[in-house]
Number of protein chains: 2
Amino acid sequence: MAQLSLKKDLFAQLAVIAKSLSNANRLELIDFLAQGERSVDELAHVSGLSVANTSQHLQDLRRSGLVKNRSAGKKVFYSLSDYKVVELVGLMRSLAEDNLAEIQILINNYLASKDDLEPLQRDELLQRVQSGEAIVVDVRPDTEYQAGHVPNAINIPFSKLEHELKSLPKDKEIIAYCRGPYCLLSFDAVVQLREQGFKARRLYEGFPEWKLSGLPIEQGL
Amino acid sequence: MAQLSLKKDLFAQLAVIAKSLSNANRLELIDFLAQGERSVDELAHVSGLSVANTSQHLQDLRRSGLVKNRSAGKKVFYSLSDYKVVELVGLMRSLAEDNLAEIQILINNYLASKDDLEPLQRDELLQRVQSGEAIVVDVRPDTEYQAGHVPNAINIPFSKLEHELKSLPKDKEIIAYCRGPYCLLSFDAVVQLREQGFKARRLYEGFPEWKLSGLPIEQGL
DNA sequence: CAAACATTCAATAGATTCATTGAATGTGAT
DNA sequence: ATCACATTCAATGAATCTATTGAATGTTTG
């Protein structure tokens, strides 16, 4: 029964990937890596894990094909091997939000009101920007922003958000978007902005969907 | 630091989901459930696990929100709680195919040539069907097929494929499609058809993408 | 070459996962 | 009520996972 064997083997391999994702610390590392390449050092610092432990987790992720690494001098830099990894985690989050009561309780406990957390749709964004109620922030890296973005959106890559807080208005609503409905960056940005007292929400979709829908876009800047 | 705590808790919950997916037997159960609701009994039989063990795995999947159950008489029927579960597994598979050497070796070992395995694109499908080289099979359940399908596609739900083998031509290429690029059904169908000596390939995309692209569709039948 | 540094390796103990076994629960049929 | 059946529960031991510790490797700097 070659078929059965193929299936069994295939599932065994998929299980390896899932096992890699089945640890909160490794998920956190992936979350940081979604922002770009990072050294073991940085990852250990930002996650609060020991360097040895961080290294072990990263090697686990590498064995399962989720991240890749590159050594430069005495440092080793890790990065996601595929953008699909972010989609995968995002899809897991979306599934969790819909089907896991624990997540719903969690979110309600930490964030003021459920309504505020609801992501906006495209047309709502357009309305609010036109009426001057809101500004749009693109939290993707510079290069992606320059290749195309939502009109009038300003670019604050997530990694620089903390330093740019003072340039943002507290009286307007801030609408963050990134690469897609399952992209983690805009979600993280909203959480961080709210922590700092801003009125923040995220666009349900990301730039690729915006572009696909035929709405106007801007380039460069 | 409420934010940190939220993030940690969130990742801990996502880890629960991933942990549920991190076992080959549970993935196989999900694969069967993708075809529709099944009793514990059936699932145990088809997966080769003991009933008690199957029940335990199913309860694990239920705790993580991936499946739901319903009891009827002395039977308990399980089903996927969300179609996103299939997308999730499909995305994992896609990631594995791209980034995990083990999977590539696996597939090459089991299936004759890599070229044959490559999925077709829409325009290739149209060409081959027009020239009479190929027939198109929709492996989704009846109801989805009736709601709309690729023109001239015949409907053989995956669960009935085994019984319909004799009605299929061995000299033409059989192109299977289902619900999307990450849908498992068409992949499984191709594997099964090849096992039986048919020339089978799958359409890269599924019906939703076909419809979105503006190509003609048929309904009913 | 020696010192400082970043990362990895190896060994360990405690916790968790998995399949198996046999008993317990609950439903429908006789 | 009793019996057959489907499912779940509970307990077990073997295997695996995780964080910690301290040593080892390899690179740059002085």
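A note on names: the letters A, B, ... follow the listed sequences, proteins ahead of strands, and every chain is numbered from 1.
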Enquirer: Can you check the A:Asp41 CG to C:dT7 P distance for me, whole Å?
Expert: 5 Å
Enquirer: Between B:Val51 and A:Ser22, which has a closest nucleotide on DNA chain D that is more 5'?
Expert: B:Val51
Enquirer: What is the separation between atom CG on B:Leu49 and atom P on C:dT21, rounded to the nearest whole Å?
Expert: 13 Å
Enquirer: For C:dT8, does OP1 or OP2 lie under 4.0 Å from any side-chain N or O of A:Tyr78?
Expert: yes
Enquirer: Does NZ or CZ of B:Lys68 come closer than 6.0 Å to the centre of the six-membered ring of B:Tyr78, within 45° of the ring's axis?
Expert: no
Enquirer: Distance check needed: D:dA15 P versus A:Lys19 NZ, whole Å only.
Expert: 15 Å
Enquirer: Report the distance from atom CD1 of B:Ile135 to atom CD1 of B:Ile154, rounding to the nearest 0.5 Å.
Expert: 4.5 Å
Enquirer: Closer to the 5' end of DNA chain C via nearest nucleotide, is it B:Gly73 or A:Phe77?
Expert: A:Phe77
Enquirer: For D:dT8 and B:Ser55 - does any side-chain N or O of the residue sit under 4.0 Å from the phosphate oxygens OP1/OP2?
Expert: yes
Enquirer: Please determine if B:Arg38 forms a cation-pi arrangement with B:Phe32, meaning its NZ or CZ atom is less than 6.0 Å from the six-membered ring centre and no more than 45° off the ring axis.
Expert: no
Enquirer: How many whole angstroms separate atom CZ of B:Arg26 from atom P of C:dT16?
Expert: 15 Å
Enquirer: Supply the atom-to-atom distance B:Leu61 CG to B:Ile30 CD1, rounded to the nearest 0.5 angstrom.
Expert: 5.0 Å
Enquirer: Measure CG/B:Asp60 against P/D:dT7 and give the value in whole Å, please.
Expert: 18 Å
Enquirer: Without decimals, in angstroms, what is the distance between B:Glu42 CD and D:dC5 C1'?
Expert: 15 Å
Enquirer: Just call it for B:Thr54: base, sugar-phosphate, or nothing, with non-hydrogen atoms closer than 4.0 Å on any strand.
Expert: nothing
Enquirer: Any side-chain N or O of A:Asn69 under 4.0 Å from OP1/OP2 of C:dT7?
Expert: no
Enquirer: Looking at B:Asn23, does any N or O in its side chain come under 4.0 Å of the phosphate oxygens OP1/OP2 on C:dC18?
Expert: yes
Enquirer: Select base, sugar-phosphate, or nothing to describe what A:Ser71 touches, counting heavy atoms under 4.0 Å on all strands.
Expert: nothing
Enquirer: Roughly, in whole Å, what's the span from CG in B:Asn53 to C1' in C:dG22?
Expert: 15 Å
Enquirer: In whole angstroms, how far is the P atom of D:dA10 from the CD atom of B:Gln56?
Expert: 11 Å
Enquirer: For C:dA19, does either OP1 or OP2 sit under 4.0 Å from a side-chain N or O belonging to B:His57?
Expert: yes
Enquirer: Are B:Asn25 and C:dA19 close enough that a side-chain N or O sits under 4.0 Å from OP1 or OP2?
Expert: yes
Enquirer: Given that A:Ala52 and A:Lys74 both sit by DNA chain D, which one's nearest nucleotide is further toward the 5' end?
Expert: A:Ala52
Enquirer: Give the nucleotide from the list C:dT8, D:dA19, C:dT7 with an atom nearest to the side chain of A:Lys75.
Expert: C:dT7
Enquirer: Side chain to side chain contact (heavy atoms under 4.5 Å, CB included) between A:Ile17 and B:Leu21: does it pass, once the steps are laid out?
Expert: CA-CA 9 Å; A:Ile17 293 183; B:Leu21 294 168; over 6 Å; no
